[in-house]
Amino acid sequence: MKKMLFVVIAMMTTVNINAQIEEGNWYVTPKLGFGISDMTGTLFDPTKAEGTYDATLRSIATFTAGVEFQYAIIDQLGLSAGLNYGRRGSKTEDNMFRVSMDYVNIPVTLDFYPIPNVGLAVKAGVQVGFTTRKRLKVNGVEYNADFDLVSFVDRWGRIRRGLWENELSRQFNKVDFSIPLAVSYEFMNVVLEARYSLGLVNVMKDDPENSKHRFWQFTLGYKFDLGD
């Protein structure tokens with residue numbers, strides 16, 4: 001078994017001999033994957049809610065997709081900026097309470113390749129996210145936490161209809177800051193990555209529990225060398 005493991009590692013290292021960034025080059029990596037989202041705290045006080053709850057929040061499975069641009073500062077150090085879409089949220093065990101928020105995220109990371117000529121990378125940086133959709137379920141009833149279609153009278157006395165931010169939406173923070181930490185491995189331009197994002201901003205503005213997002217994502221991408 002040990003001999004077989006050694007042979008497999010040797011083969012991967014040999015085939016992957018060029019799977020590393022080269023100083024001065026640009027790269028782009030589209031990626032798809034799934035995520036596991038959770039929150040710290042309980043987000044709400046169950047004693048003030050209608051019904052009976054176990055306030056412990058559980059994780060939810062989500063979909064994620066995006067693209068990453070990378071510049072090689074030197075052969076073993078790169079700077080990346082990305083754009084990705086993903087859903088954050090959590091729920092109670094009985095699914096009677098659930099919050100889900102869609103984000104467009106912009107991560108910026110410093111990528112270090114510790115082993116020369118091997119596609120293993122360790123990444124860390126900062127990320128800002130902007131909400132595009134928010135939904136809240138309480139007692140099994142789902143509420144729109146974005147905009148309501150309302151009727152109003154304009155300055156000329158005409159009745160019009162339009163989208164208006166509702167009161168529930170105002171209770172959520174619309175911008176999220178987090179710290180992304182990742183490990184990736186590239187093999188023949190295919191990049192497998194595991195990334196953890198630790199949220200720094202409360203999900204809701206007036207939250208005594210200070211609940212924040214926690215997010216694991218696992219993606220598969222293909223890396224294109226754009227040259228220098």
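Each residue takes its place number in the sequence, starting with 1.
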Exercise. side-chain contact (heavy atoms from CB on, under 4.5 Å) between V191 and S184: does it pass, once the steps are laid out?
Worked result: CA-CA 7 Å; V191 182; S184 70; 4.1 Å; yes
Problem set entry | L83 with F177, same ILVMFWY side-chain cluster at under 4.5 Å | yes
Exercise. When hydrophobic residues are tied together by side-chain contacts of less than 4.5 Å, even through go-betweens, does I74 share a cluster with V108?
Worked result: yes
For this session: Determine whether the side chains of D111 and S80 contain a donor N or O and an acceptor N or O closer than 3.5 Å.
Result: yes
Problem set entry | Donor-acceptor pair between Y103 and D176 side chains, under 3.5 angstrom | no
Do [X] and [Y] come within less than 4.5 Å of each other through their side chains, counting heavy atoms only?
| X | Y | answer |
| --- | --- | --- |
| V183 | L120 | yes |
| T64 | L32 | no |
| N84 | P107 | yes |
| Q217 | F215 | yes |
| K31 | E193 | yes |
| Y85 | D102 | yes |
| Q70 | K223 | yes |
| Y196 | R214 | yes |

How far does [atom1] of [X] sit from [atom2] of [Y], to the nearest 0.5 angstrom?
| X | Y | atom1 | atom2 | result |
| --- | --- | --- | --- | --- |
| L226 | F224 | CG | CZ | 9.0 Å |
| T109 | L181 | OG1 | CG | 10.0 Å |
| I60 | D38 | CD1 | CG | 9.0 Å |
| F172 | K205 | CZ | NZ | 11.0 Å |
| R87 | T132 | CZ | OG1 | 8.5 Å |
| I36 | S59 | CD1 | OG | 6.0 Å |

Problem set entry | Ring-ring centroid check F218 F34, cutoff 6.0 Å | yes
Exercise. Mind checking whether Y185 and F187 have ring centres under 6.0 Å apart?
Worked result: no
For this session: Could you walk me through whether K212 and L200 pass side-chain contact (heavy atoms from CB on, under 4.5 Å), step by step?
Result: CA-CA 7 Å; K212 299 174 177 64; L200 303 177; 5.5 Å; no
Problem set entry | Test side chain to side chain donor-acceptor pair (under 3.5 Å) applied to E68 and T29, step by step | CA-CA 5 Å; E68 181 179 79; T29 307; 4.9 Å; no
Exercise. Where does the angle between the aromatic ring planes of Y71 and W26 fall among parallel (under 30°), tilted (30 to 60°) and perpendicular (over 60°)?
Worked result: tilted
For this session: Starting from the C-alpha separation in whole Å, work towards a yes-or-no answer on side-chain contact (heavy atoms from CB on, under 4.5 Å) for H213 and M39.
Result: CA-CA 5 Å; H213 291 299; M39 291 183 186; 3.6 Å; yes
Can any side-chain N or O of [X] pair as donor or acceptor with the backbone N or O of [Y] at less than 3.5 Å?
| X | Y | answer |
| --- | --- | --- |
| S178 | S197 | no |
| T92 | F97 | yes |
| E22 | D75 | no |

Exercise. Going through the distances and angles, do V203 and N173 end up as a side-chain contact (heavy atoms from CB on, under 4.5 Å)?
Worked result: CA-CA 6 Å; V203 176; N173 281 311; over 6 Å; no
